[in-house]
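Residue numbers start at 1 and run along the sequence shown.
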Amino acid sequence: MDRRNVLKLTAFAGATGALTLGGVTSARSATGAAETHRITGRLPAGAPDYVYLPVEVPRGVREIAVSYTYDRPAVPAGIHGNACDIGIFDERGTGLGGAGFRGWSGGARTEFSIGAERATPGYLAGPVRPGTWHIVLGPYTVAPQGLAYEVTVTLRYGPAGTAPAAVFPPQRARGRGRAWYRGDGHLHSVHSDGLRTPAEIAAAARAAGLDWIVTTEHNTTSGHGAWDGLWGDDLLVLTGEEITTRNGHVLALATDPGTFVDWRYRARDGVFPRFARAVHRAGGLVVPAHPFATCPACNWKFGFDEADAVEVWNGPWTPDDETAVAAWDALLATGRRLPAMGNSDAHREPQTVGLPQTVVLADDLSRPALLSALRAGRSWIAESSSVRLSFGATGSHGGHAGIGGHLADPEATVRLETAGVPAGCTASLITDQGPMLTAPVPADGRLEWRTTAARAAYVRAEVRRPGGAMVALTNPVFLDSGRS
């Protein structure tokens with residue numbers, strides 16, 4: 001059965017920037033092995049962000065399989081060509097919030113299947129219940145000529161089978177008590193657009209000297225249950241999601257396993273605070289990712305009012321990261337104490353897991369302790385586990401504050417100690433007035449600087465290579481005079 005769809009149908013009333021087209025209606029009963037339908041259509045330049053293709057699923061279907069193609073016409077230099085994502089919602093609907101969400105692969109796959117016993121990575125296994133399902137197309141960019149698509153839907157009949165029980169990672173590892181723990185909070189596997197398996201990521205994390213990692217697939221939670229046997233006393237695996245909107249990406253960091261957070265909105269819709277609250281209800285942190293990345297829809301547009309931290313260093317050091325650090329420092333200068341994170345965002349070889357890594361002072365190696373420390377800014381960022389540092393301030397009356405801490409004293413002596421940094425590096429101590437001390441890292445790795453709370457609202461440290469690439473970056477020590 002062929003159904004040809006055109007973009008002349010009723011707008012979908014749920015998520016903004018969406019459209020529902022006419023779709024497939026099956027007259028078939030539960031007899032027979034399978035049936036296949038083909039849906040074709042064309043989307044114009046300026047198409048809605050999400051286009052829904054309804055598929056009527058009758059009783060007796062054990063598996064739904066979907067494949068798609070679209071054209072890629074030549075475009076003039078400087079113009080984006082066609083790129084179209086795909087996912088699916090089940091009979092519970094497409095309403096914003098994701099009650100019917102069953103999977104998303106973005107543009108990483110051309111086909112997927114869902115059944116009770118198994119599903120393609122990126123998709124959630126479970127019963128294929130009767131009702132109206134919706135395939136969702138996400139025309140990420142559309143060429144001036146438009147985007148012609150063809151979607152093939154196969155319904156396979158038979159006994160449904162039993163969905164396996166999800167096995168999620170534990171929330172605690174043995175650890176070393178109160179200590180500095182190294183981690184990477186932004187990683188992708190084959191469950192979204194990465195090429196590494198979870199096993200390969202776990203091995204790479206151990207090789208990088210990490211104590212904790214967070215799995216953050218794009219717009220799906222299918223990877224949350226894919227780590228059975230990969231954690232251990234030496235590696236804590238936490239779950240999350242990279243909420244990938246058309247106005248930037250944000251990490252739902254270390255949420256409860258199985259928590260899905262919707263992504264189908266823009267800044268102009270005014271709904272992001274609702275989904276930030278959903279992250280917090282699930283016990284996670286809201287962390288805008290690579291906020292100044294230049295790829296389409298990657299640049300962060302939602303502001304930082306709901307953020308718990310910000311990813312200022314994403315993968316190998318680039319001008320985007322330089323801009324992110326400058327913007328973060330400007331927030332600090334206004335009094336917004338927003339901690340910084342660094343993560344690899346590694347997808348595939350040769351991208352390095354743990355470049356960079358966030359080093360957290362936590363009471364133990366557990367999800368609650370790590371998130372408490374990250375929220376408090378008791379952390380710094382390093383390019384690798386070979387880089388070590390300590391940083392803090394001592395007051396004239398004997399008080400002390402470390403990274404993320406607060407020194408209530410009119411005078412302060414700031415000390416930075418580094419080890420394992422490459423030869424020729426420069427260290428800087430930076431306040432709300434800018435860099436106040438910049439010097440080559442001495443042989444013993446120690447720098448000291450005296451200041452007053454009147455001169456510096458905070459002090460943070462950077463270590464850079466001769467060409468300017470970051471080696472290490474700390475969150476601030478905050479200073480005040482101690483007067484109420």
Side-chain angles (χ1 to χ4, degrees), residues 3-9 11-12 15-21 23 38-53 66-88 103-112 120-123 134-153 188 190-195 217-220 242-249 263-268 289-301 314-315 318-320 345-351:
R3 292 295 180 98
R4 295 188 175 273
N5 291 327
V6 295
L7 197 67
K8 186 185 176 183
L9 292 165
F12 172 61
T16 59
L19 193 75
T20 299
L21 302 181
R38 188 168 63 93
I39 312 167
T40 63
R42 177 176 290 275
L43 304 175
D49 289 346
Y50 305 104
V51 176
Y52 296 85
L53 309 178
V66 177
S67 64
Y68 80 123
T69 61
Y70 58 90
D71 65 340
R72 293 174 171 84
V75 296
I79 299 294
H80 293 295
N82 284 339
C84 188
D85 298 338
I86 196 167
I88 195 167
W104 179 259
S105 50
R109 302 182 186 280
T110 59
E111 58 186 34
F112 63 86
T120 301
Y123 294 81
H134 287 84
I135 296 162
V136 53
L137 299 179
Y140 186 62
T141 56
V142 179
Q145 303 96 314
L147 185 152
Y149 64 85
E150 178 176 302
V151 178
T152 301
V153 183
H188 297 279
V190 294
H191 283 265
S192 59
D193 59 346
L195 296 183
E217 309 295 358
H218 293 282
N219 299 342
T220 184
E242 184 170 7
I243 306 166
T244 307
T245 81
R246 294 302 179 87
N247 283 162
H249 302 184
W263 75 96
R264 295 170 295 158
Y265 43 83
R266 296 195 186 201
R268 68 191 181 205
H290 46 68
F292 293 92
T294 56
C295 50
C298 293
N299 194 280
W300 183 244
K301 304 292 189 183
N314 177 278
T318 65
D320 300 347
D345 196 6
H347 286 66
R348 59 187 67 85
E349 297 295 340
Q351 297 170 0

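At least one donor-acceptor pair closer than 3.5 Å links the side chain of R246 to the backbone N or O of D49. No donor-acceptor distance shorter than 3.5 angstrom exists from the side chain of R72 to the backbone of A143, with no hydrogens or angles considered. Side-chain N or O atoms of N219 include one that pairs as donor or acceptor with a backbone N or O of T244 at under 3.5 Å. No donor-acceptor pair under 3.5 Å is formed between the side chain of Y50 and the backbone N or O of R264.
If you check the side chains of H290 and D320, you find no donor sitting under 3.5 Å from an acceptor.
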Trace of the side-chain contact (heavy atoms from CB on, under 4.5 Å) decision for L137 with V151:
CA-CA 10 Å; L137 299 179; V151 178; 4.3 Å; yes

Derivation of the side-chain contact (heavy atoms from CB on, under 4.5 Å) call for F112 and I86
CA-CA 10 Å; F112 63 86; I86 196 167; 4.1 Å; yes

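The minimum heavy-atom distance between V51 and L43, with the atom names listed, is CG2-CD2, 4.0 Å. Counting all heavy atoms, side chain and backbone alike, P296 lies closest to T141 at CB-CG2, 4.4 Å. N247 approaches R268 most closely through the heavy-atom pair OD1-N, 4.5 Å. Looking at every heavy atom in both residues, Q145 comes nearest to V75 through OE1-CG1, 3.9 Å. In this structure, Y265 and T245 approach most closely via the heavy-atom pair O-CB, 3.6 Å. The two residues P139 and A47 have their closest heavy-atom pair at CG-CB, 4.2 Å.
With sequence neighbours left out, the disulfide (SG to SG under 2.5 Å) criterion links C298 to C295. Applying the ring pair (Phe, Tyr, Trp, His ring centres under 6.0 Å) rule to F292 yields no partners; only residues at least two apart in sequence or on another chain are considered. Residues that satisfy the salt bridge (Lys or Arg N to Asp or Glu O under 4.0 Å) test with E150, not counting sequence neighbours, are R38. For S192, the side-chain contact (heavy atoms from CB on, under 4.5 Å) partners two or more places apart in sequence, or in a different chain, are H188, E217, H218.
Sorted by first and then second residue, the side chain to side chain donor-acceptor pair (under 3.5 Å) pairs with a member in residues 77-86 read D71-N82; sequence neighbours excluded.
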Would you give me the side-chain donor-acceptor pairs under 3.5 Å for residues 103-110, sequence neighbours excluded?
from, atom 1, to, atom 2, distance (Å)
S105, OG, Y123, OH, 2.7
R109, NE, P121, O, 3.2
R109, NH2, V190, O, 2.5

